[in-house]
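Here the structure is laid out as structure tokens; the discussion comes afterwards.
Worth knowing before you read on, the calculation uses all heavy atoms, side chains too, and leaves out hydrogens, waters and symmetry mates. Counting convention: from 1, in listed order, for ligands and their atoms alike.
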Amino acid sequence: MESIVSYDKEYVAGTYGRFPVEIVSGKGSRMYGIDGKEYIDMTSGIGVNAFGACDPEWVAAVSAQAATLQHTSNLYYTQPCARLAKALCEKTGMAKVFFGNSGAEANECAIKVARKYSAQKKGDGCYTIVTLENSFHGRTLTTLAATGQDHYHELFQPLTPGFIHAVANDVEGLKKVVAENCVAGIMLECIQGEGGVVPLTKEFVQTAAQLCKENDIPLIIDEVQTGNGRTGKLYAYMNYDIQPDIVSTAKGLGGGLPIGAALMSEKVQNVLVAGDHGSTYGGNPVCAAGALSVINRLDESFLAQVKAKSEYVFQELQNAPGVEAVTGMGLMIGIKTEKAAKDVVSACMAKGVLVLTAKDKVRLLPPLNIPMEDLKQAVQVVKEACK
Ligand SMILES: *Cc1c(COP(=O)(O)O)cnc(C)c1O
């Protein structure tokens, strides 16, 4: 018999520690293994399948576009790209969008915009971007440099210079870093996802926004994981009463196809000009059509349901036996457990529920439209596994 697992082990670069599960299909919040086993999916492909697997509306949008025009080049105008950019700007108050294919690329664009803006305003010696310890911004050499976790850096030196890491939620520390450096940008995740679902305080995020305003520094919010309805708002920064200069996003935006976006405010909208940046696939019609079908459905009544589901999960898990703390917002939830997180993941998997880890926590990122019955069933399994 053909062994996919052995092909994969032999021929695919060993960059991932995979679970011994071969997923062949999915429907909504359910995933199906080759052995016929059914799982409730509390991962959505790490926050990507915003409407679950093979959501009919998303499939229709993507299939229709694939049958019309799958790609041209950025030398021509195409409908899905322009419509998606318009929708994103209208819903956020941002002014322009650059499209790439991933979160890392969205952040690369954000960093380029911040550097060029600051070089033009303050001179080309002003290039330092402040990010936070324990952050995660991607795997390219520049976004790795931005990422404030040393273990990702080892043996890949030298990384792109020009990044300083400040301590998350240390207001005075951030003020000091800004006072002592010519800062070209401050970049943060409102909730550090890979760092263990650690939310930033309102005071800290607002201080960052204030410092940026006072010193004419572009504020970049990395919404790759927190964006597109995940926290119960369209973007997580909307929970903090601030207005960023640049928002990077990806993951849930495409609903399962690769797309990343850097949204630029009026202030920085014209920093990049023809020839400054580009991406062959950027704004690809199929990906953009899928993303538009996602973004168009994230309205107030849908987001209210995300919040209601979130409240249910927090209520069930806070103070449950074996649970030390529950963190996060919306359907981006971290659980600090007495047991090792990986043991909880295995126990859940054996019971037919897929969950993630983030550092030492168990992490839940279910599809935003997960039916309440599936959510209830999955949370009971998680609860049992934490005991
Ligand atoms: C996943 C993630 C990235 C990287 O996204 P890719 O699409 O894997 O390049 C960047 N920032 C944050 C906050 C993320 O969660």
| task | Using distance alone, with no hydrogens and no angle criterion, decide if Asp245 and Tyr117 have a side-chain donor and acceptor under 3.5 Å apart. | result | no
Quick look: Glu189 vs ligand 1, heavy-atom contacts under 4.0 Å, and the answer is side chain
*asked:* Yes or no, since that's all I need: does a protein heavy atom fall within a distance strictly under 4.0 Å of atom 5 (O) of ligand 1?
replied: yes
Exercise for review: Verify the distance criterion only: is there a donor paired with an acceptor across the side chains of Asn107 and Ser248 at less than 3.5 Å?
Suggested key: yes
Inset, instruction - Run the salt-bridge test on Lys27 and Glu38 with the 4.0 Å N-O cut-off and return the result as yes or no. - result: no
### ligand 1 to Asp222 polar contact by distance, N or O atoms, under 3.5 Å
yes
inquiry  = Please tell me whether Glu189 and Thr226 have a donor and an acceptor in their side chains that are separated by less than 3.5 angstrom.
reply    = no
When Glu316, Gln318, Glu311 are each screened for side-chain contact (heavy atoms from CB on, under 4.5 Å) with Phe314, the one that passes is Gln318
Near His137 (heavy-atom distance under 4.0 Å), the atoms of ligand 1 are 10 (C), 11 (N)
### Message
Under 3.5 Å between any N/O of Lys251 and any N/O of ligand 1: does that happen in this structure?
### Response
yes
- Task: Give yes or no for whether the N/O distance cutoff of 3.5 Å, strictly under, is met between Val224 and ligand 1.
- Result: no
| Short N/O distance, under 3.5 Å, between Ala250 and ligand 1? | no
Lys/Arg N to Asp/Glu carboxylate O, Asp124 vs Arg115, below 4.0 Å
no
Atoms of ligand 1 under 4.0 Å from any heavy atom of Ser102, numbered from 1 in the order shown, are 7 (O), 9 (O)
Ligand 1 to Gln225, heavy atom cutoff 4.0 Å, flagged ligand atoms 15 (O)
Ring centroids only, cut at 6.0 angstrom: are Tyr281 and Phe99 within range, meaning strictly under it? no
shortest atom 7 (O) of ligand 1-to-protein heavy-atom contact is with Gly103 N, 2.8 Å
Under 4.0 Å between heavy atoms, the region of Asn107 that gets near ligand 1 turns out to be side chain
Original post:
Can you check whether Phe204 and Tyr240 have ring centres sitting under 6.0 Å from each other?
Top reply: no
Among non-hydrogen protein atoms, atom 9 (O) of ligand 1 lies closest to Ala104 N, 2.8 Å
